[in-house]
S.K.: 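My structure is below; once you've seen it, I'll send some questions.
A note on names: the letters A, B, ... follow the listed sequences, proteins ahead of strands, and every chain is numbered from 1.
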Amino acid sequence: MASSGFSFPKKEKLCSQKVIETLFASGHSFIKYPLRVVFMIQEDQTDTPVKVLVSVSKRRFKRAYKRNLLKRRIREAYRLNKYTLFPLLEKNSVNIAIAFVYLPTEILPFSEIEKTAKATLESLITKLSLE
RNA sequence: AUAGCAAGCUGGUCUAUCGCUGUUAUCUUUUUUGAUGGCAGAGGAAAGUCCGGGCAGCUCAGGACACUGUGCUUCCUAACAGGAAGGUACUCGUGAGGGUAGAGUAGUGUAACAGAAAAUAACCGUCCCGAUUUAUCGGGAUAAGGGUGAAAAGGUGGGGUAAGAGCUCACCGGUAUUCCGGGUAACCGGAGUAGCCGUACACCUUGCAGGCUGCAAGACCAUGUAUAUCACAAUCCCAUUUUAUGGGUAGGGUUGUCCGCUCUGUUUUCUUGUAAAAGUUGUGAGGGGUAGGUCGCUAAAGAUUAUGGGUGACCAUAAUCGAAGAUAAAUGAUAGGCACCGCUGCGUGCGGAACAGGAUCCGGCUUAUAAGCUUGCUAUUUUU
């Protein structure tokens with residue numbers, strides 16, 4: 001693990017196709033505009049507490065460079081704020097998978113995305129601590 | 001100077017903090033892995049997927065037809081529907097220049113609307129003859145004139161005629177063809193011959209090219225679960241209420257061990273056995289192969305520079321360089337400078353900065369694109 005705590009290595013990314021299918025089929029979801037969050041507690045023991053997926057719809061953004069830009073902004077916002085989420089999970093030794101889906105049809109600046117990312121993670125923490 | 005035409009080029013950059021992908025060195029780790037440092041990390045169109053090729057698989061005796069594409073000439077190229085140079089017709093522009101078209105003709109067909117008529121043309125008109133209802137009617141001749149149309153039967157003049165007509169003659173234009181000259185050729189120039197003379201499209205004929213599918217191609221490794229196939233072992237005993245129940249016993253599962261719980265010990269044939277066959281259970285081997293992974297994968301018809309050849313596309317030689325390789329898919333975020341553009345009070349300040357993101361790789365084409373630069377040329381105006 002990196003020393004800074006802000007790193008985002010590849011094993012924290014959600015890559016398995018089967019896990020993604022079950023996540024979208026049976027995961028819990030809520031909307032904190034402009035983001036829709038889908039999350040699921042995983043049974044299998046993995047080496048990281050969280051696996052994350054970022055998605056921007058091809059139907060809403062036809063040009064690839066716009067999708068890339070938004071995915072980078074969301075990923076960056078998550079990376080800079082994920083330290084709020086980790087202690088709870090490590091304390092309870094729970095693994096979760098999260099998907100962030102971008103909803104609007106226009107490109108929002110980084111400051112707004114970061115603001116909603118913080119709020120999203122807070123509400124995620126409260127939901128998880130209830131369970 | 002302004003406006004424009006053609007060809008070509010550029011497509012911001014630096015610092016700090018945090019972070020991503022690949023690679024390399026050192027350290028660490030049982031291999032995996034992890035840490036730190038170094039290096040590299042999107043475009044002129046990466047796009048559309050419209051052509052062509054490399055590469056891979058499938059098929060594979062050879063050929064013809066069909067089908068599809070293409071079509072002025074010569075050249076370039078690995079190849080092309082691409083490019084270069086040249087040439088013809090029509091057309092737009094004052095001009096620099098731009099656009100469109102194209103193989104062949106022996107034959108066949110079609111030509112909306114308008115118009116009398118769209119190729120054996122007679123509506124009006126003109127002329128002749130006949131009739132008489134004499135400001136009319138009938139028969140015939142005529143493509144000079146009218147209007148329609150994308151296109152109307154070569155043009156002008158003389159002769160000719162009842163009036164007219166390439167009917168005939170001269171000149172001009174076109175087409176076909178013969179000869180001479182130029183050009184590799186398309187074609188051009190000159191001289192002659194033929195009254196031969198509308199345009200477009202399609203069919204048809206013909207030269208050339210094309211086997212099909214695409215990196216999700218294709219090659220390899222392979223966990224778990226289930227399983228084809230093969231080998232070995234087991235498939236027993238007693239009682240009763242006999243397609244069943246109970247007990248013993250053997251084996252398996254559960255467990256660190258025991259108990260307990262649970263599963264299996266079935267069917268058919270006869271020569272009635274330590275039998276055979278099928279089935280079931282267990283153990284081992286094992287093929288194909290899902291998730292996943294590795295290769296394919298980036299050194300290439302390569303880039304830059306110089307010299308030489310060519311009008312040019314391009315080619316040859318030499319030197320130097322070695323240049324992304326991801327896979328729910330890396331090159332980002334934040335802050336601040338510099339440079340650029342606009343507004344401006346010319347100190348500063350504020351705002352802007354296009355089109356757009358690799359996915360097997362190359363050569364083209366097409367489309368999108370802020371701002372800027374270079375070279376050559378054109379028109380107009382002014383000054384010297």
S.K.: May I have the distance from A/Tyr65 (atom OH) to B/A45 (atom C1'), rounded to whole angstrom?
M.R.: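 In whole Å, B/A45 C1' and A/Tyr65 OH are 14 Å from each other.
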S.K.: B/G198 and B/A111: how far apart are their C1' atoms, nearest whole angstrom?
M.R.: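 Their C1' atoms lie roughly 14 Å apart.
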S.K.: Should B/G44 be called syn or anti, with syn set as within 90° of 0?
M.R.: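 Classified syn.
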S.K.: Measuring only the P atom in each nucleotide, how far is B/G138 from B/U133? A whole number of Å is fine.
M.R.: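 Per the computed distance, 16 Å lies between those P atoms.
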S.K.: Using atom C1' in both nucleotides, what's the gap between B/G358 and B/A330 to the nearest angstrom?
M.R.: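 Pairwise C1' distance, B/G358 against B/A330, rounds to 11 Å.
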S.K.: I'd like to check the side-chain contact (heavy atoms from CB on, under 4.5 Å) partners of A/Arg36; sequence neighbours left out, ordered by chain and number.
M.R.: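 So A/Arg36 forms a side-chain contact (heavy atoms from CB on, under 4.5 Å) with A/Ser29, A/Ile31, A/Val38, A/Val101, A/Leu103.
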S.K.: For nucleotides 330-336 of chain B, give me one character per nucleotide, 5' to 3': B if any protein heavy atom sits under 4.0 Å from the base, S if the only such contacts are to the sugar-phosphate, - if neither.
M.R.: -SBSS--
S.K.: Using Watson-Crick or G-U wobble geometry with both distances under 3.5 Å, which nucleotide pairs with B/U168?
M.R.: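 Pairing partner: B/G158.
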S.K.: Pick the nucleotide of RNA chain B nearest each of A/Arg63 and A/Val54; which residue has the one closer to the 5' end?
M.R.: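 Going by which nucleotide is closer to the 5' end, it is A/Val54.
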S.K.: When you check the glycosidic angle of B/G158, does it come out syn, meaning within 90° of 0, or anti?
M.R.: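 B/G158: anti glycosidic orientation.
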S.K.: What's the gap between B/U344 and B/G19 when it is taken at their P atoms, as a whole Å value?
M.R.: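 After rounding to an integer number of Å, I get 47 Å for this pair.
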S.K.: C1' atom, B/U267 versus B/G287: distance in rounded Å?
M.R.: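 Per the computed distance, 31 Å lies between those C1' atoms.
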S.K.: Would B/G166 be called syn or anti, given that syn covers angles within 90° of 0?
M.R.: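 Here the answer is syn: the torsion falls within 90° of 0.
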S.K.: I'd like to check the side-chain contact (heavy atoms from CB on, under 4.5 Å) partners of A/Leu70; sequence neighbours left out, ordered by chain and number.
M.R.: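 Expected list: A/Val56, A/Phe61, A/Tyr102, A/Ile107, A/Ile113.
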S.K.: Just to verify, what does A/Ala117 make a side-chain contact (heavy atoms from CB on, under 4.5 Å) with, not counting sequence neighbours?
M.R.: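 In terms of side-chain contact (heavy atoms from CB on, under 4.5 Å), with neighbours along the sequence ignored, A/Ala117 is linked to A/Ala77.
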S.K.: Does the structure show a Watson-Crick or G-U wobble partner for B/U249, both distances under 3.5 Å? Name it, or say none.
M.R.: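 Its partner is B/G265 (Watson-Crick or G-U wobble, both distances under 3.5 Å).
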S.K.: When the C1' atoms of B/G93 and B/U100 are compared, how many Å lie between them, rounded to an integer?
M.R.: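 These two C1' atoms come out 16 Å apart once rounded.
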S.K.: Taking pairing as Watson-Crick or G-U wobble with both contacts under 3.5 Å, can you name the mate of B/A318, or confirm there isn't one?
M.R.: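 Pair assignment: B/A318 / B/U305.
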S.K.: Strictly by Watson-Crick or wobble contacts shorter than 3.5 Å, is anything paired with B/C39, and which nucleotide is it?
M.R.: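 For B/C39, the partner nucleotide comes out as B/G22, under the 3.5 Å rule.
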S.K.: If we call it a pair only when both distances are under 3.5 Å in a Watson-Crick or G-U wobble match, what pairs with B/G349?
M.R.: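 Across any shown strand, B/G349 pairs with B/C343.
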S.K.: Indicate the atoms forming the closest heavy-atom contact of A/Thr120 with A/Phe100, along with that distance.
M.R.: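 Heavy atoms of A/Thr120 and A/Phe100 come nearest at CG2-CE2, 4.0 Å.
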S.K.: Any Lys/Arg nitrogen of A/Glu76 or A/Arg73 sitting under 4.0 Å from an Asp/Glu carboxylate oxygen of the other?
M.R.: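 Salt bridge between A/Glu76 and A/Arg73, a charged N being under 4.0 Å from a carboxylate O: no.
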S.K.: Could you identify the nucleotide paired to B/U311, looking across every strand shown and requiring Watson-Crick or G-U wobble geometry with both distances under 3.5 Å?
M.R.: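 Across any shown strand, B/U311 pairs with none.
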S.K.: Rounded to whole Å, how long is the line connecting atom CZ of A/Arg67 with atom P of B/A42?
M.R.: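 It is 21 Å, rounded to the nearest whole Å.
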S.K.: With sequence neighbours left out, what residues match A/Thr116 under side-chain contact (heavy atoms from CB on, under 4.5 Å)?
M.R.: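 Applying side-chain contact (heavy atoms from CB on, under 4.5 Å) to A/Thr116 gives A/Pro34, A/Leu35.
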S.K.: Check the hydrophobic clustering (I, L, V, M, F, W, Y; side-chain heavy atoms under 4.5 Å; chains of links allowed) and say if A/Ile74 and A/Tyr65 are grouped together.
M.R.: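 Hydrophobic grouping puts A/Ile74 apart from A/Tyr65.
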S.K.: Could you tell me the Watson-Crick or G-U partner of B/U294, where both distances fall under 3.5 Å? Say none if there is no partner.
M.R.: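 Answer to the pairing question: B/A219, which forms a Watson-Crick or G-U pair with B/U294.
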S.K.: Please state the C1' separation for the pair B/G363 and B/A79 - nearest whole angstrom.
M.R.: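 Their C1' atoms lie roughly 8 Å apart.
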S.K.: Quantified in whole Å, what is the P atom distance between nucleotide B/G41 and nucleotide B/U331?
M.R.: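 To the nearest whole Å, 15 Å.
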S.K.: Is the glycosidic torsion of B/A78 within 90° of 0, making it syn, or is it anti?
M.R.: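 Judged by the O4'-C1' to base torsion, B/A78 sits in anti, the angle falling more than 90° away from 0.
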S.K.: Just name whichever nucleotide pairs with B/A116, Watson-Crick or G-U, keeping both distances under 3.5 Å, else none.
M.R.: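 Base partner found: none.
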S.K.: Please work out whether B/U298 sits syn or anti, treating a glycosidic angle within 90° of 0 as syn.
M.R.: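 B/U298: syn glycosidic orientation.
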S.K.: Run the side chain to side chain contact (heavy atoms under 4.5 Å, CB included) test on A/Val54 and A/Tyr78 for me, step by step, so that the C-alpha distance in whole Å, both residues' side-chain angles and the decisive distance to 0.1 Å come before the verdict.
M.R.: CA-CA 10 Å; A/Val54 174; A/Tyr78 166 75; over 6 Å; no
